[in-house]
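As structure tokens, the structure follows; a few thoughts come after it.
When reading the values below, keep in mind they use all heavy atoms of this one structure, side chains included, and skip hydrogens, waters and symmetry mates. Here, residue 1 is the first one in the sequence, and each next residue gets the next number.
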Amino acid sequence: MYRIKSTIGLEKIEKYDYIRSLISTQLRDEVDIVSNLSNISAMIMACLEDLNWAGFYLFKGGELVLGPFQGLPACNRIKIGEGVCGRAAEKRESILVKDVEKFPGHIACDENSKSELVIPIISEDQLIAVLDLDSPTQGRFDEVDKEQLEEIMNGIAEFLI
């Protein structure tokens, strides 16, 4: 059982350090990918403010398939190259979108989303999944969020294959 403490008042890096500690405990105690990604999405949603969606799309059969998430129902499948998730998967690079209205081909699963951050998860040169975070606030994500989440996702990649 997890007791997630409030991260209100913590500096951004402290929040990410706390998320790392929660994820470390999760990965130490469980090997199932669905269980791990379910709890990781819940941990991110609980610890980072101003999110309306946090979850994963798994790379299966040449496309992204909805995986564990927190938030409103989302697109079941996303083609590689389409939307922010599909583009991040295609490029194998994180994409930070401060204003989704200005991103060509943005897929609006939740009309309240105004900014988005997508981090590909790659292990042994293979795309495993993408982490997708949405916020109802324009400009919610910055380079610190991107760098910290890239580091966290790099750290969990080996546990997902």
Side-chain angles (χ1 to χ4, degrees), residues 1-7 15-97 100 106-113 115-136 140-141 145-161:
M1 180 165 104
Y2 288 94
R3 293 187 191 275
I4 296 183
K5 68 181 182 182
S6 172
T7 59
K15 291 179 186 187
Y16 283 112
D17 287 343
Y18 182 56
I19 292 169
R20 276 185 194 81
S21 71
L22 292 171
I23 291 172
S24 176
T25 299
Q26 174 67 30
L27 296 175
R28 182 182 65 233
D29 295 340
E30 182 58 58
V31 296
D32 184 79
I33 187 174
V34 172
S35 179
N36 285 333
L37 293 180
S38 295
N39 273 331
I40 291 169
S41 63
M43 291 166 185
I44 291 170
M45 190 71 141
C47 293
L48 297 180
E49 69 285 338
D50 202 22
L51 300 181
N52 60 324
W53 205 90
F56 296 90
Y57 279 91
L58 307 174
F59 184 62
K60 294 183 175 185
E63 63 185 346
L64 296 172
V65 180
L66 182 64
F69 70 94
Q70 300 283 307
L72 293 177
C75 304
N76 289 311
R77 294 175 184 272
I78 298 174
K79 292 180 181 174
I80 299 302
E82 293 188 1
V84 182
C85 289
R87 191 91 42 86
E90 179 181 58
K91 292 182 170 190
R92 294 179 176 220
E93 294 176 1
S94 300
I95 299 179
L96 189 159
V97 181
V100 297
H106 175 258
I107 300 169
C109 294
D110 180 348
E111 64 185 20
N112 294 313
S113 294
S115 60
E116 187 169 3
L117 177 58
V118 179
I119 311 289
I121 304 170
I122 298 166
S123 181
E124 298 177 4
D125 203 36
Q126 292 185 349
L127 178 67
I128 306 299
V130 298
L131 168 68
D132 182 19
L133 302 179
D134 291 358
S135 172
R140 157 62 181 89
F141 305 105
D145 295 302
K146 179 177 164 279
E147 290 167 7
Q148 291 295 308
L149 287 162
E150 285 174 341
E151 186 178 300
I152 291 169
M153 293 304 109
N154 286 339
I156 72 167
E158 68 183 273
F159 295 94
L160 304 180
I161 53 173

Verdict with supporting geometry, Ile19 and Leu48, side-chain contact (heavy atoms from CB on, under 4.5 Å): CA-CA 9 Å; Ile19 292 169; Leu48 297 180; 3.8 Å; yes
Chi angles and distances behind the side-chain contact (heavy atoms from CB on, under 4.5 Å) call for Arg77, Glu82: CA-CA 10 Å; Arg77 294 175 184 272; Glu82 293 188 1; over 6 Å; no
Working for side-chain contact (heavy atoms from CB on, under 4.5 Å), residues Asp125 and Arg92: CA-CA 10 Å; Asp125 203 36; Arg92 294 179 176 220; 3.7 Å; yes
Working for side-chain contact (heavy atoms from CB on, under 4.5 Å), residues Ile152 and Ile44: CA-CA 11 Å; Ile152 291 169; Ile44 291 170; over 6 Å; no
Test salt bridge (charged side-chain N to carboxylate O under 4.0 Å, His left out) applied to Lys15 and Asp145, step by step: CA-CA 10 Å; Lys15 291 179 186 187; Asp145 295 302; over 6 Å; no
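Here the closest non-hydrogen pair linking Leu58 and Ala129 is CD2-CB, 3.8 Å. Ser41 approaches Gly55 most closely through the heavy-atom pair CB-CA, 4.1 Å. Between Val130 and Pro120, the shortest heavy-atom distance links the atoms CG1-CA, 3.9 Å.
Using modelled atom types, no side-chain atom of Ser24 and backbone atom of Arg20 make a donor-acceptor pair closer than 3.5 Å. In this structure, the side chain of Asp50 does not engage the main chain of Ser135 through any donor-acceptor pair within 3.5 Å. A donor-acceptor distance shorter than 3.5 angstrom exists from the side chain of Tyr18 to the backbone of Lys5, with no hydrogens or angles considered. Glu124 places no side-chain N or O within 3.5 Å of a backbone atom of Gln126 that could act as its donor or acceptor partner. No side-chain donor-acceptor contact under 3.5 Å links Arg140 to the backbone of Asp134. A donor-acceptor contact shorter than 3.5 Å links the side chain of Thr7 to the backbone of Cys47. Although no hydrogens or angles enter the test, the distance criterion places no donor-acceptor pair under 3.5 Å between the side chain of Ser35 and the main chain of Val31. The backbone N or O of Cys75 lies less than 3.5 Å from a partner atom in the side chain of Tyr57, making a donor-acceptor pair.
In this structure Phe59 satisfies the side-chain contact (heavy atoms from CB on, under 4.5 Å) test together with Leu64, Ile80, Leu127, sequence neighbours excluded. Remark: Met43 pairs with Tyr2, Ile4, Leu22, Ile23, Gln26, Asn39 by the side-chain contact (heavy atoms from CB on, under 4.5 Å) rule, at least two apart or across chains.
We find the CE-CG distance between Met45 and Asn52 to be 6.5 Å, quoted to the nearest 0.5 Å. Rounding to the nearest 0.5 Å places CG of Leu131 at 7.5 Å from CD1 of Ile156. Here Glu30 contributes atom CD and Leu37 contributes atom CG; the two are 11.0 Å apart, rounded to the nearest 0.5 Å. The distance from atom CD1 of Ile95 to atom CD of Glu116, rounded to the nearest 0.5 Å, is 9.0 Å. To the nearest 0.5 Å, atoms CG (Leu51) and CZ (Phe141) are separated by 5.0 Å. Expressed to the nearest 0.5 Å, how far CD1 of Ile40 lies from CE of Met153 amounts to 6.0 Å.
The shortest side-chain heavy-atom distance between Val97 and Ser115 does not fall under the 4.5 Å cut-off.
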